[in-house]
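A note on names: the letters A, B, ... follow the listed sequences, proteins ahead of strands, and every chain is numbered from 1.
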There are 2 protein chains.
Amino acid sequence: MKGKRAEFGDKACAIARALGVIGDWWSMLIIRDALAGKRRFGEFQASLGLAKNILSTRLQKLVAHGVLAVVPASDGSAYKEYVLTAKGEKLYLLTVALWQWGEEFCFAPGELTYDMVDKDTCKPLQPLELRAADGRIIGPRDMRAMARPAADLRRTRKAGTRVRR
Amino acid sequence: MKGKRAEFGDKACAIARALGVIGDWWSMLIIRDALAGKRRFGEFQASLGLAKNILSTRLQKLVAHGVLAVVPASDGSAYKEYVLTAKGEKLYLLTVALWQWGEEFCFAPGELTYDMVDKDTCKPLQPLELRAADGRIIGPRDMRAMARPAADLRRTRKAGTRVRR
DNA sequence: CTGTATCCTTAAAGATACTG
DNA sequence: CAGTATCTTTAAGGATACAG
């Protein structure tokens, strides 16, 4: 988070690169709000309570990385709205992983919090599960990193620039 | 990441709290290494290439939050080893979410990277899927936050202090 | 080899004023 | 309301010396 210090965007590790994009304390909260349907500068600011210049910087960074896109305001005003791209929307899995972990381990019993629910039924979502190719559930010690070319199982790069809605 | 600035640890949002614990640029990489089996100070330092004092601070913070635990060195030396607690191990889902997103969106075609594979078969893991209580797959726009008491679906708080291995 | 303690640099976070 | 531009603060990150 210093800046001159470590640069994560060019590391060979996918985790490091992802952190280079959304690995600061505000970005994932912006994503959370965007997933909740927020799109205006003021909505984000009111929700997050951070300084406007900081929010401005963060939004610009996320736009530069193709996570958010700027579109004309839907109410006909001259302002911008910030909407998730396909790349940004895909962060919902990360959001949920963060949410479920935080909920399980970062609250004292009885503390009030919010839960992620299925929009249709309003029932809680299942905890995320990781599965092997054959469907077996994979635990923390059943996996490892393995070198291979990045090309094969990825979608087109342009997908990241398509906007939601 | 500044410090005096925003405090995330006491927010009502589980995401904010989780970010208060592992929401900086180094912690998730330490977790990644710990999941890969690293446990010694020097192993982390060599792998991450960060200053020793920073690593020391990060390790202490993770220990303080119950993500890592200090155990006597397994080789009989007087040194410490840092092992994941159950709370820390559970971060493997977050790690994989980060990994899969980074791999899909943060690499140019043809760039070399590492993949997460099933340790037994060495085959790639399935992309994470989010499911509703009834098993339906949930996309980014099929969920929302809902207020409720934190007490009901959480495990015991002590689980976080149990160490791995 | 493991760390901790110091010192330094810098840029991230905040406050705030200002423009459209 | 929506942002940009300045200015200040401060602590995070780094380098390095030092201790067990």
Side-chain angles (χ1 to χ4, degrees), chain A residues 1-11 16 19-30 33-34 38-65 68-83, chain B residues 1-11 16 19-30 33-34 38-65 68-83:
Chain A
M1 165 142 307
K2 234 52 294 339
K4 207 284 299 310
R5 339 335 178 100
E7 204 50 67
F8 289 88
D10 55 350
K11 293 266 170 69
L19 289 173
V21 178
I22 45 74
D24 66 277
W25 284 340
W26 289 118
S27 292
M28 279 308 296
L29 296 178
I30 293 175
D33 282 355
K38 295 190 172 61
R39 11 169 87 208
R40 298 290 281 253
F41 191 94
E43 290 182 291
F44 291 113
Q45 216 225 328
S47 166
L48 301 172
L50 81 177
K52 290 197 289 185
N53 53 349
I54 305 296
L55 176 57
S56 182
T57 303
R58 283 284 159 277
L59 290 173
Q60 284 174 27
K61 179 180 177 184
L62 290 171
V63 169
H65 279 292
L68 293 176
V70 176
V71 299
S74 46
D75 62 357
S77 70
Y79 302 123
K80 307 169 188 172
E81 292 189 351
Y82 302 88
V83 298
Chain B
M1 168 142 307
K2 232 57 292 343
K4 206 284 299 310
R5 326 359 167 90
E7 205 50 65
F8 289 86
D10 54 351
K11 292 266 169 67
L19 289 173
V21 178
I22 45 76
D24 66 277
W25 283 339
W26 289 120
S27 292
M28 279 308 296
L29 296 178
I30 293 175
D33 282 354
K38 293 191 172 62
R39 10 171 87 207
R40 297 292 282 253
F41 190 93
E43 289 182 293
F44 291 114
Q45 215 225 330
S47 165
L48 300 172
L50 81 176
K52 291 197 290 186
N53 54 346
I54 305 297
L55 176 57
S56 182
T57 302
R58 284 284 159 277
L59 290 172
Q60 284 174 29
K61 179 179 176 184
L62 291 171
V63 168
H65 280 290
L68 293 176
V70 176
V71 300
S74 47
D75 62 357
S77 69
Y79 301 122
K80 308 169 187 172
E81 292 189 351
Y82 301 89
V83 298

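Atom P of nucleotide D:dG3 and atom CG of A:Leu68 are separated by 12 Å, given to the nearest angstrom. Atom-to-atom, CD1 of B:Ile54 to P of D:dT16 comes out at 14 Å; the value is rounded to the nearest Å. Nucleotide D:dG14 holds its P atom 11 Å from the CG atom of B:Asp24, rounded to whole Å. Whole-Å rounding puts the A:Trp26 CH2 to C:dA13 P distance at 9 Å. Rounded to whole Å, the distance from CZ on A:Arg39 to P on D:dA2 is 13 Å. With rounding to whole Å, A:Gln45 atom CD is found 12 Å from C:dA15 atom C1'. Spacing between atom CG of B:Leu59 and atom P of C:dG3 amounts to 8 Å, rounded to whole angstrom units. Straight-line distance from the CG atom of A:Leu50 to the C1' atom of D:dA2: 14 Å, rounded to whole Å.
A residue-by-residue look at A:Tyr79 and A:Lys52 shows that A:Lys52 has its nearest nucleotide of DNA chain C further toward the 5' end.
At distances below 3.5 Å, at least one donor-acceptor pair connects side-chain atoms of B:Gln45 with backbone N or O atoms of B:Leu50. Between the side chain of B:Ser56 and the backbone N or O of B:Lys52 there is no donor-acceptor pair closer than 3.5 Å.
No contact: B:Glu81 has no heavy atom under 4.0 Å from any strand. At a threshold of 4.0 angstrom between heavy atoms, the contacts of B:Phe44 with the nucleic acid are absent. Among the atoms of the strands shown, only primed sugar atoms or phosphate atoms (P, OP1, OP2) are found under 4.0 Å from some heavy atom of A:Gln60.
Residue side chain B:Asn53 reaches the base of D:dG14 through a donor-acceptor N/O pair under 3.5 Å, judged by distance alone.
The listed nucleotides are C:dT16, D:dA15, D:dC1; the one nearest the side chain of B:Ala51 is D:dA15.
The shortest side-chain heavy-atom distance between B:Leu55 and B:Ile30 falls under the 4.5 Å cut-off.
Contact annotation: A:Arg40 side-chain N/O to D:dG3 OP1/OP2 distance is not under 4.0 Å. Residue A:Arg58 has no polar side-chain atom (N or O) positioned under 4.0 Å from OP1 or OP2 of C:dA12. Residue B:Tyr82 has a polar side-chain atom (N or O) positioned under 4.0 Å from OP1 or OP2 of C:dG3. A close approach under 4.0 Å does not occur between any side-chain nitrogen or oxygen of B:Ser56 and OP1 or OP2 of C:dG3.
Contact between B:Arg39 and B:Phe44 at its shortest, heavy atoms only, is C-CE1, 3.7 Å. What you find for B:Asp33 and B:Ser47 is that their closest heavy atoms are OD2-OG, 2.6 Å.
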